[in-house]
A.B. asks: 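Pasting a structure here, questions to come.
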Amino acid sequence: EDTGAGALQRAYEELRDRLDAEGLFAAARKRALPVSPKRIGVITSATGAAIRDVLSVAARRYPLGAIRIYPVPVQGQAAPAAIVKALALANKRADCDVLLVVRGGGALEDLMGFNDEAVARAIVASALPVISGVGHEVDVTIADLAADVRAATPSAAAELVCPDLSAATERLPALEARLRQRLIGQLVAEQRSLVRLNARLERQAPRRRVQISAQRLDEAEQRLARVVTSRLRMRRQTLQLVEDRLARTRPEQRIAAARQRVAGLRQRLDRVGISRLD
């Protein structure tokens, strides 16, 4: 039977395959990391090289982020239970945006605290995103596979959650120019919209509507006056024609005309010697 490193390797592979079959390592359940975490929780030894690396990276890249250390032994029989307890405590406090589970390199037996089933299940059950950075780049532990993100080293784990503020500062002028252009574009668009709204409001304003109605009323009065005048003129002309016809057909005028004819006849008779005509 295998002994020593061979037995540890076989136990590691059996646990890895069993947890993988359960879906604990599935990419679909992995969570995204926060872009700019306000507080970063670090589960590691308080005196090891790993915490010094994390603090160095954070101070250089992201001094705005606060670091909360959850000290645990990172090797030996007490390590798995301590790591599980620290994960539970960090989730209970919920005062961190992301958790780093890290330790420096070592032999396979030194890393067995991170090849523990209870540690893997605690990482998967964590409500906070977890980054695992255990050992060197060639070391892949069960904790690495269970974590939301695996980092090759503790320093790499810190770089994943610590944005480089110096690089962002260098991009500020370009970002400021883009922001200014966008704001100018928005202001121009809003100004044009305001002009259109003012025009609509002016067209629909009560004062404008009253002016338009008054103008239409004046035009209607003028049209009515022209129609009435035209009709009155036509009525006067018709009345005059009727009066002329009536004047020509009145009995008085006909009698007067007859009398004139009679007088004329008398004059002709007088001229021929007849003095009276009955």
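Remember, it's a predicted structure, so these values are computed and weren't measured experimentally.
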A.B. asks: Is it true that a side-chain atom of Asp218 and a backbone atom of Gln215 form a donor plus acceptor pair closer than 3.5 Å?
C.D. replies: no
A.B. asks: Can you list every pair that meets side chain to side chain donor-acceptor pair (under 3.5 Å) and has a residue in residues 222-235, with sequence neighbours left out?
C.D. replies: none
A.B. asks: Do Leu145 and Val140 come close enough that some side-chain heavy atom pair is under 4.5 Å?
C.D. replies: yes
A.B. asks: Less than 3.5 Å apart, which donor and acceptor atoms pair up between the side chains of residues 176-194 and the rest of the protein, not counting sequence neighbours?
C.D. replies:
{"from": "Glu176", "atom 1": "OE2", "to": "Arg180", "atom 2": "NH2", "distance (Å)": "3.1"}

A.B. asks: When hydrophobic residues are tied together by side-chain contacts of less than 4.5 Å, even through go-betweens, does Leu128 share a cluster with Val124?
C.D. replies: no
A.B. asks: Membership question, hydrophobic clusters at under 4.5 Å side-chain separation (ILVMFWY): are Ile83 and Met112 in the same one?
C.D. replies: no
A.B. asks: Would you please name every residue forming a side chain to side chain contact (heavy atoms under 4.5 Å, CB included) with Val35, sequence neighbours left out?
C.D. replies: none
A.B. asks: Going by salt bridge (Lys or Arg N to Asp or Glu O under 4.0 Å), name the pairs with one or both residues in residues 76-102, residues two or more places apart or in two chains.
C.D. replies: Arg39-Asp95, Arg68-Asp95
A.B. asks: Looking at every non-hydrogen atom in both residues, tell me the closest pair between Tyr70 and Ala86 and how far apart they are.
C.D. replies: CB-CB, 4.1 Å
A.B. asks: Does Glu219 have more than 12 heavy atoms from other residues, nucleotides or ligands lying within 6.0 Å of its CD?
C.D. replies: yes
A.B. asks: Just checking Glu221: does its CD atom have more than 12 heavy atoms from other residues, nucleotides or ligands closer to it than 6.0 angstrom?
C.D. replies: yes
A.B. asks: Kindly write out the residues that satisfy side-chain hydrogen bond (donor to acceptor under 3.5 Å, both in side chains) with Glu14, not counting sequence neighbours, or none if the list is empty.
C.D. replies: none
A.B. asks: Hey, could you give me each pair passing side chain to side chain donor-acceptor pair (under 3.5 Å) that has a residue in residues 150-162? Not counting sequence neighbours.
C.D. replies: none
A.B. asks: In the hydrophobic clustering (ILVMFWY, side-chain contacts below 4.5 Å, transitive), which residues join Val42, or is it alone?
C.D. replies: Leu33, Ile40, Ile51, Val54, Leu55, Ile67, Ile69, Val98, Leu100, Val102, Ile131, Val149, Leu160, Val161
A.B. asks: Output the distance between atom CZ (Arg16) and atom CD (Glu13), rounded to the nearest 0.5 Å.
C.D. replies: 5.0 Å
A.B. asks: Are Tyr12 and Leu8 connected, step by step, through hydrophobic side chains (Ile, Leu, Val, Met, Phe, Trp, Tyr) whose heavy atoms are closer than 4.5 Å?
C.D. replies: no
A.B. asks: Would you say the side-chain atoms of Arg103 pair up with the backbone N or O of Gly105, donor to acceptor, closer than 3.5 Å?
C.D. replies: yes
A.B. asks: Which pair of non-hydrogen atoms, one from Val119 and one from Gly113, has the smallest distance, and what is that distance?
C.D. replies: CG2-O, 3.5 Å
A.B. asks: Donor-acceptor pair, Lys38 side chain versus Ala66 backbone, under 3.5 Å?
C.D. replies: no
A.B. asks: Considering non-hydrogen atoms only, spot the tightest contact between Gly48 and Ser45 and give its length.
C.D. replies: N-OG, 3.5 Å
A.B. asks: Which residues pass the side-chain hydrogen bond (donor to acceptor under 3.5 Å, both in side chains) test with Thr44, sequence neighbours left out?
C.D. replies: none
A.B. asks: Which donor-acceptor pairs under 3.5 Å do the side chains of residues 18-29 make with protein atoms, sequence neighbours left out?
C.D. replies:
{"from": "Arg18", "atom 1": "NH1", "to": "Glu117", "atom 2": "OE2", "distance (Å)": "3.3"}
{"from": "Arg18", "atom 1": "NH2", "to": "Glu117", "atom 2": "OE1", "distance (Å)": "2.9"}
{"from": "Glu22", "atom 1": "OE1", "to": "Arg121", "atom 2": "NH1", "distance (Å)": "3.2"}
{"from": "Glu22", "atom 1": "OE1", "to": "Arg121", "atom 2": "NH2", "distance (Å)": "3.0"}
{"from": "Glu22", "atom 1": "OE2", "to": "Arg121", "atom 2": "NH2", "distance (Å)": "3.0"}
{"from": "Arg29", "atom 1": "NE", "to": "Leu24", "atom 2": "O", "distance (Å)": "2.7"}
{"from": "Arg29", "atom 1": "NH2", "to": "Leu24", "atom 2": "O", "distance (Å)": "3.0"}
{"from": "Arg29", "atom 1": "NH2", "to": "Ala146", "atom 2": "O", "distance (Å)": "2.2"}

A.B. asks: Once side-chain hydrogen bond (donor to acceptor under 3.5 Å, both in side chains) is applied, do any residues pair with Asn115, and if so which ones, sequence neighbours excluded?
C.D. replies: none
A.B. asks: Quick one: do Val134 and Val74 satisfy side chain to side chain contact (heavy atoms under 4.5 Å, CB included)? Show the steps, please.
C.D. replies: CA-CA 10 Å; Val134 179; Val74 292; over 6 Å; no
A.B. asks: Considering non-hydrogen atoms only, spot the tightest contact between Ala79 and Pro73 and give its length.
C.D. replies: CB-O, 3.3 Å
A.B. asks: Give a yes or no answer on whether the side chain of Tyr62 reaches the backbone of Pro37 with a donor-acceptor pair at less than 3.5 Å.
C.D. replies: yes
A.B. asks: Yes or no on side-chain hydrogen bond (donor to acceptor under 3.5 Å, both in side chains) for Thr141 and Asp144, after CA distance, side-chain angles and deciding distance?
C.D. replies: CA-CA 5 Å; Thr141 65; Asp144 292 330; 3.1 Å; yes
A.B. asks: Are Val130 and Leu111 linked, directly or through other ILVMFWY residues, by side chains that come within less than 4.5 angstrom of each other?
C.D. replies: yes
A.B. asks: Where do Pro163 and Ser36 come nearest, in terms of heavy atoms and distance?
C.D. replies: CG-OG, 4.3 Å
A.B. asks: Over all heavy atoms of both residues, which pair between Gly104 and Ala50 is shortest? Give the atoms and the distance, please.
C.D. replies: N-CB, 3.9 Å
A.B. asks: With sequence neighbours excluded, tell me which residues meet side-chain hydrogen bond (donor to acceptor under 3.5 Å, both in side chains) with Ser126.
C.D. replies: Asn91
A.B. asks: When clusters are formed by joining ILVMFWY residues with side-chain heavy atoms under 4.5 Å apart, either directly or through shared neighbours, do Val101 and Ile142 land in the same one?
C.D. replies: no
A.B. asks: Just to verify, what does Arg31 make a salt bridge (charged side-chain N to carboxylate O under 4.0 Å, His left out) with, not counting sequence neighbours?
C.D. replies: Asp148
